[in-house]
Asker: 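Sharing a structure below in structure tokens format, with a few things to ask.
Lettering follows sequence order; numbering is per chain, from 1. Both backbone and side-chain heavy atoms feed into the values below; hydrogens, waters and symmetry mates do not.
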Amino acid sequence: MAPALLDMDGVHKTFRAPGPILRALSLGRLHRGDVRALRGVHARVDAGEIVGLLGPNGSGKTTLVRCAAGLVRPDTGEVRTLGLDPALGEGGVRGRIGLVLRDDRSFAWRLTGRENLRFFGQLQGLSAGVLAERIEDTLQATRLESVADRPVRTWSTGMRQRLAVCRALLGNPSLLLMDEASSGLDPGRRDTFYTFLSTVVEERNIGILYATHDLTEAQYLCTRVLLLDEGAVAAEGSWLNVEPVAEALFRRAGGQA
Amino acid sequence: MSSARTTPLLQVARAFWSMGRQEALSYPFAIVNRAVNLMAAVFLLFFASDLVPTTSLGGMSFASFALFGLAALQLLGACLAVFPGQLRQMQVTGQFEACLMTLTPPWKLLLAMPSYALSAASLRALVLLILGTVMAGDALDPAGILPALAFLGLGVACFVCLGLLSASITLVIKRGDPIARLVQLGSLLLAGTFVPRDALPPLLAEIGAWFPIGPMLDGMRASLFGSAGQEEPLSALLRLAVLLGILLPLTIVALPRAVDRVQRDGSAGQF
């Protein structure tokens with residue numbers, strides 16, 4: 001079997017309640033206020049697939065995405081992204097992961113879209129020539145060329161969301177991590193966005209871990225679905241396999257099913 | 001396995017510098033406002049100069065003495081305010097996490113983050129130093145320029161360490177950084193920035209001498225204007241070296257620990 005782009009094995013993560021004295025007294029035991037975000041999660045993403053990370057609010061999707069990105073270190077278990085530990089930044093692995101978070105405000109709003117991309121591209125260590133080419137490519141792919149020289153503060157939420165995708169693609173990543181990335185898009189744009197992601201996966205042979213609480217999104221966009229319930233994997237496989245469990249789970253959670 | 005490739009520090013600094021400049025230029029009123037404030041401070045010091053006897057300042061005019069202090073405060077303020085301030089702003093917007101997802105390691109991000117603000121503060125400090133030197137007139141010793149620059153460099157290195165320590169604390173506790181305000185207040189009141197330390201009670205004067213801005217200014221004033229400093233250059237140099245010897249290892253230990261801590265509790269994007 002080819003090495004996975006993302007391989008998570010028995011990942012546990014508990015966010016401890018604040019208070020150093022209480023934490024010390026608890027001697028590693030769970031304390032009131034502690035949140036068990038992930039409980040022994042196994043996950044795998046291979047090249048050429050879009051893995052949907054589905055679950056209601058608070059099921060641990062964002063924590064899992066952040067663990068995969070190396071922004072959060074698991075308590076126990078192993079996260080290997082492209083065979084490397086992203087939390088340690090081994091082998092420059094973070095530069096090969098693209099991250100798109102929801103409600104993205106992480107741009108300098110007074111700068112133009114192009115200037116923002118130039119800034120992040122420079123942090124990726126790209127040379128001026130390569131960076132200029134990548135910026136044009138990604139702007140074109142996300143259909144943002146016409147507004148690229150306008151300050152980001154004048155852009156719509158959907159445009160900024162697409163700019164976040166542009167930024168994620170700048171480093172030519174092998175793995176894209178997306179957390180409710182379509183939340184700011186209207187239905188028409190969503191369809192175009194899904195088509196764009198499918199094309200990106202196909203043309204670049206990359207993998208995407210796509211966190212969502214939208215059952216329809218999981219059904220139409222994802223090649224495989226991982227269903228999370230209170231930090232643990234409740235079901236995994238094709239949409240047909242996962243659907244009954246997902247619907248029951250969302251019904252129980254008072255969700256949209 | 002060690003990290004194979006990271007973005008060169010110079011490229012990171014250039015990226016932040018360029019972004020900072022573009023953002024600053026998008027607020028033209030703020031630039032004008034800052035320039036007017038600075039000019040007003042210079043005029044105020046110039047006119048107040050007549051009220052202070054030069055004997056207590058080793059022959060230096062008060063305007064010249066205070067302009068050096070103001071220049072040093074610009075640099076100190078930039079380091080202490082900008083490192084944690086910009087980090088906090090980037091945490092609030094999520095920009096810090098976005099930057100962490102690049103080939104730039106956290107320590108380079110933190111070091112390069114305030115490159116524009118520091119260069120702007122350096123420019124303001126340079127203008128003030130030139131004005132202070134011009135106002136000192138014939139008292140200036142040209143042979144003292146190089147030693148004065150050495151004192152400036154050592155002092156700024158201490159300021160940067162303090163700024164990074166402050167940023168490390170901000171990274172972990174988010175609010176209530178105990179370093180910045182304490183150092184700024186002590187530097188302003190006790191370290192001989194505007195008021196000669198000789199005028200303070202001995203204990204306060206001794207405490208003031210341990211704020212990096214104190215020996216830095218003493219060394220610069222003494223190098224450039226002979227007896228104008230309150231401490232001999234060698235003694236000031238030793239004091240700065242001791243301070244740097246304490247602050248640098250502290251920073252080197254604290255910064256990675258702070259980054260590790262926010263990775264464990266997942267709070268890099270929180271504020």
Asker: Go through B:Y27 and A:R110 one step at a time and tell me if the side chain to side chain contact (heavy atoms under 4.5 Å, CB included) criterion holds.
Answerer: CA-CA 9 Å; B:Y27 293 99; A:R110 300 185 77 88; 2.9 Å; yes
Asker: Checking B:S26 against A:W109 for the side chain to side chain contact (heavy atoms under 4.5 Å, CB included) test, could you report, in this order, the C-alpha distance in whole Å, the side-chain angles of both residues, the deciding distance, and whether it holds?
Answerer: CA-CA 11 Å; B:S26 76; A:W109 279 34; over 6 Å; no
Asker: Just how far is it from atom CZ of A:F120 to atom CE of B:M101, taken to the nearest 0.5 Å?
Answerer: 12.0 Å
Asker: Flag yes if more than 12 heavy atoms outside B:R181 fall under 6.0 Å of its CZ atom; otherwise flag no.
Answerer: no
Asker: Take a 6.0 Å sphere around CZ of A:R153 and say whether it holds more than 12 heavy atoms from other residues, nucleotides or ligands.
Answerer: yes
Asker: For the residue pair B:T102 and A:R94, what are the closest heavy atoms and their distance?
Answerer: O-CB, 3.9 Å
Asker: Give the minimum heavy-atom separation between B:T7 and A:Q124, together with the two atoms involved.
Answerer: OG1-C, 3.6 Å
Asker: Of all the heavy-atom pairs spanning A:A108 and B:M19, show the shortest one and how long it is.
Answerer: CB-SD, 4.1 Å
Asker: Counting only heavy atoms not in A:E133, do more than 12 sit closer than 6.0 Å to its CD atom?
Answerer: no
Asker: Could you check whether atom CG of B:L10 has more than 12 heavy atoms from other residues, nucleotides or ligands sitting under 6.0 Å from it?
Answerer: no
Asker: Looking only at heavy atoms, which two atoms of A:L123 and B:A15 are closest? And how far apart?
Answerer: CD2-CB, 4.1 Å
Asker: Would you name the heavy atoms of B:Q95 and A:S106 that are closest together and state the gap between them?
Answerer: CG-O, 3.3 Å
Asker: Judged by atom type as modelled, is there a donor-acceptor pair below 3.5 Å linking the side chain of B:Q11 to the main-chain atoms of A:L126?
Answerer: yes
Asker: Quick one: does A:Q122's side chain get under 4.5 Å of B:V12's, heavy atoms only?
Answerer: no
Asker: Would you mind telling me which of A:A69, A:P74, A:A37, A:G171 has the largest number of heavy-atom pairs within less than 4.5 Å of chain B?
Answerer: A:A69
Asker: Hey, is CZ on A:R134 packed in by over 12 heavy atoms from elsewhere, all under 6.0 Å?
Answerer: yes
